[in-house]
Every structure is written in C-alpha cells, then in structure tokens.
Number of protein chains: 2
Amino acid sequence: MVAVDREEHSRSVKQKILDAARELLVADGVEGFSMRKLAGKIGYTATGIYHHFPDKQAVLEEVIETDFRSLRASLGRIGNVGDPIDRIQQMGMAYVDFAIEFPSHYQILFMTPASLPPDTKIVRCDPAEDAYAFLKQVVIEGLALGRFRTEFLDADELSQIIWSSAHGLVSLHITKGNDPWVPWRDLRSVSEKLFEALLRGLVR
Amino acid sequence: MVAVDREEHSRSVKQKILDAARELLVADGVEGFSMRKLAGKIGYTATGIYHHFPDKQAVLEEVIETDFRSLRASLGRIGNVGDPIDRIQQMGMAYVDFAIEFPSHYQILFMTPASLPPDTKIVRCDPAEDAYAFLKQVVIEGLALGRFRTEFLDADELSQIIWSSAHGLVSLHITKGNDPWVPWRDLRSVSEKLFEALLRGLVR
DNA sequence: CTTGACAACCTAACACTGTTAGGTATAATT
DNA sequence: AATTATACCTAACAGTGTTAGGTTGTCAAG
C-alpha cells in the first residue's frame, strides 16, 4: 500500500464517518447524537473518530455543509433576474423547504447559539452567513429599484425582518410542532401567505 | 417545632432554591445551569434539591412560571377594548420586551422542544400555551370585525403567522445576537417596523 | 419518657456526555 | 531489517441528571 492509497483509505473512512453521522443525526436528532453512538455505527470507538475530525462540532459542520449545498443550489437557481420582491418570496420558500427536509441540520445552524465568540481568528465559515448574504443582496436590488416603502432604507434592517419571519415559522414548527395545543396549519402554505402579507406591507 | 412551622420552613427552602435557580439561570444561561451548581449556591448537595422538586425541569418551570406573570400582566393590561389590530401590535411588543428581559426564560419556553409527548396525562400547563391563546382571542375579534383580508379566515393560521414573526426576531437575536456577521439593528425598533408591515399586509 | 415515624439531608453510585493521554499493532519508508 | 507514523484501542477525567440507601434530628403518639 503506497502513500496515496493510504490517503484514499483515510478519505473513505472519513466519508464513512460522515455518512453514519448524517444517518444518526436524522434518526436521533441533535439531542440524540453522540460520539459513542456515531462510532458504534461504524464499529469504532469514540476516540477513533478524533483521528479524522478535531471534535464533534467539526463532524456536524461537515455534514451540514454538504447538505446545505442543496439550499445554496436552490437559491442560486432563483438567479439575479426578475422582480426582486418575487425572488425574495421564492428564496423564502426555498429556505422553508430546506428546513422541512433537514430539520436537525436547521436546528444546529440557526437555533443553536455559537459557542463563545473567541473563535474570531479562524472563522469556521458559517453557512448561515451565506444565506443571509444571499437575501441581503436581493434586498439591496429591491432598494435600488425603489420597491420598498420610504421608511425602509436599511438593507440589513429589511433583511432581518424578512429572515426573521421565515425563521420564526420553521423554528416554531421544529420546537413546538408536536405540541397538541397548537393546531398547526400546513407549513408551506402558511409560509406562502406570510411572505405575501409581509412583502405587501413592505413594498411601496 | 410544630407541623405548621415545618411546612413553613420547607416552603422557605423551596423559595431559596427558586431564588438561587433564577440567579443561576440569568447568570449562566440554560447551558450553564446544573443541579450541582444550583445546590452549591445554597450550600446543598444536588440530591437535596430532589426533596423539594421532582426534577430539574420542575425547578426551571417554576422559575419561569413566576417571571412569566410579568408578560401575563402586560398582556392583560392591553385589555379587551380598542382596535384589535392595534392590540396585536401592542401584544407583540410586550412579547418582545419579555424576551429581552428574560432571554434564558424565553429560550426554555419557546426554543426548546418539549420532551417526548407521552406527558399527555398530567399536563404541566405551559405558559407558552397561554400566550398563544391570548393572541388568538384578539385575532378572533379582528376576524369578527372583518379587519383582515378576505383570504384570511382561519384564526389559527393568522395567529401562527403573527406569532412566528415575533418569535423569529427575538429567537434569532438570542441565538445569533453575538455573531459579528449580522449587523443587528435595535430589536425593539425593528420589531415595531415588522409588526407594522406585517399587519398592513394582513388587514383589509 | 421512650418509641416510632417521618422529613431533610447526605454519600455513592449509575449511566450518560465530550474529550484527552498513553499504549499497541500494523503498515510504509529508509 | 530498523524506524517512523498512522490508525486505532483502553482507561481515564470532568462533567451531566438522577436514583438508592443511609444518617441525622425533630415530631407525634404510647
């Protein structure tokens, strides 16, 4: 076995870990995800994983980063042409669809506080950051076209308003979706109505 | 020491635990809250607390229930008179103010999935449920007065839309409030603008 | 006044968690 | 053939919530 084979093998082990991690995350959720369980799924001991990943967070981040590409693709597919307001609505729906497809991913990405901020030096790039940038860019276009009411001048303020609405719906569904005292309506259809109403209230 | 004194003492111990729990929750957050730390604050051992509370969740619930009364009072102060749309806006702001004042409480109440639902028999009454009921009642009034657009007929759908918007803002602030890549605007002023825009898009 | 009961608290322990230190065997390189 | 490094292991640490069982001290009853 030569060095290149060795690297290849290490890469395949890493991939095996990631696949098992995704499976475990989907099956057992964020709370049920543990290094020992993950290791058990591939016949390893928990410490064995630390030869391929620095820590638990790194494993989860890599799983999430991979699956997050589907949202990136959806957002990219919406493109740069057409009415910015329409595109914001479409982006919102893509965002909701991602949360529906990967609720545990979403939970880690958007519902878990980042550990204390002294990570400032090496910025583990955050997919959430990209999604925000995507939205803000379209908001800026809308502002340039004068599509918003005159009291809205700040792209960050507008982005935060829109992002919050989408996040509120999906995060409540994730945390309270099984509580019997909320007669939940279909998430997608409510989302559409929410975006329509909100944007109607935002545009000029 | 007679029986009544004994009860009184037990109650004061219970109160001491609750006070320490509130302090610990505010200081160290949800993640930093542990039974051993809580016990340490009052010179007890962790197990000692279990003679006054069945488990950790019960301690937190009682702390939260107490402080939640301030939101209940605010919502009650808004009353049953006046324009329902105006009242919804006021309720939203009261909700936001509660989240600002008690972020850790809010995190437990609205951002943590209730443990598996077989609690169906003995319903530990959930303050979140009350808040939702408050909102829904005013939404129903608005519906009765024909204040909403004709496509909105369902009080639950409307309530969920409005609740989501409020929740999205405050929950993102709590989880991502320290992330440097979001230039957060003032939560209260953004909230006001969000509610105005959303309600403008909802009303007839 | 003694006995029994009960409350309130303790120490130990269990089953977990993420993570680190240190050892071992196997494979690749010199 | 000797050395080095990889990939894995066991054991352990410091936590977590929680339970079992023992030790007080104060109460109520005989």
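Below, all heavy atoms of this structure are taken into account, side chains as well, without hydrogens, waters or symmetry copies. Naming: A, B, ... by sequence-line order, numbering from 1 per chain.
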Among I140(B), D154(B), V138(B), L135(B), which residue meets the side-chain contact (heavy atoms from CB on, under 4.5 Å) test with S159(B)?
L135(B)
Atom CG of L60(A) to atom C1' of dG18(C): distance rounded to whole Å?
12 Å
Treating primed atoms plus P, OP1 and OP2 as sugar-phosphate and everything else as base, which nucleotides of nucleotides 11-16 of chain D get B, S or - for protein heavy atoms under 4.0 Å?
BB---B
Looking at E23(A) and K41(A), is there a salt bridge between them, counting it only when a charged N and a carboxylate O are closer than 4.0 Å?
yes
Salt bridge flag under 4.0 Å for residues E65(B) and R72(B):
yes
Considering only side-chain heavy atoms of Y50(A), which listed nucleotide, dG17(D), dC9(C), dG18(C), is closest?
dG18(C)
Phosphate OP1/OP2 of dC8(D) contacted by H52(A) side-chain N/O (<4.0 Å)
yes
d(CD, E31(A); P, dC16(C)) in whole Å
17 Å
Flag, side chain of K56(B) to backbone of M35(B), donor-acceptor distance under 3.5 Å
no
If the plane angle is over 60° it's perpendicular, under 30° parallel, otherwise tilted; pick one for W184(B) and W163(A).
parallel
Regarding the side chain of Y44(B), the nearest nucleotide among dC8(D), dC9(C), dG17(D) is dC9(C)
Please state how far atom NZ in K14(A) lies from atom C1' in dT6(D), giving the value in whole angstrom units.
15 Å
Taken to the nearest whole Å, NE2/H51(B) to P/dT24(D) is 16 Å
Restricting to non-hydrogen atoms, name the atom on Q160(A) and the atom on L169(B) that form the minimum distance, rounded to 0.1 Å.
O-CD2, 4.3 Å
Nearest-nucleotide check on DNA chain C, A46(B) vs A46(A); residue mapping nearer the 5' end is A46(B)
Rounded interatomic separation in angstrom, taking CZ from F53(A) and P from dA7(D)
13 Å
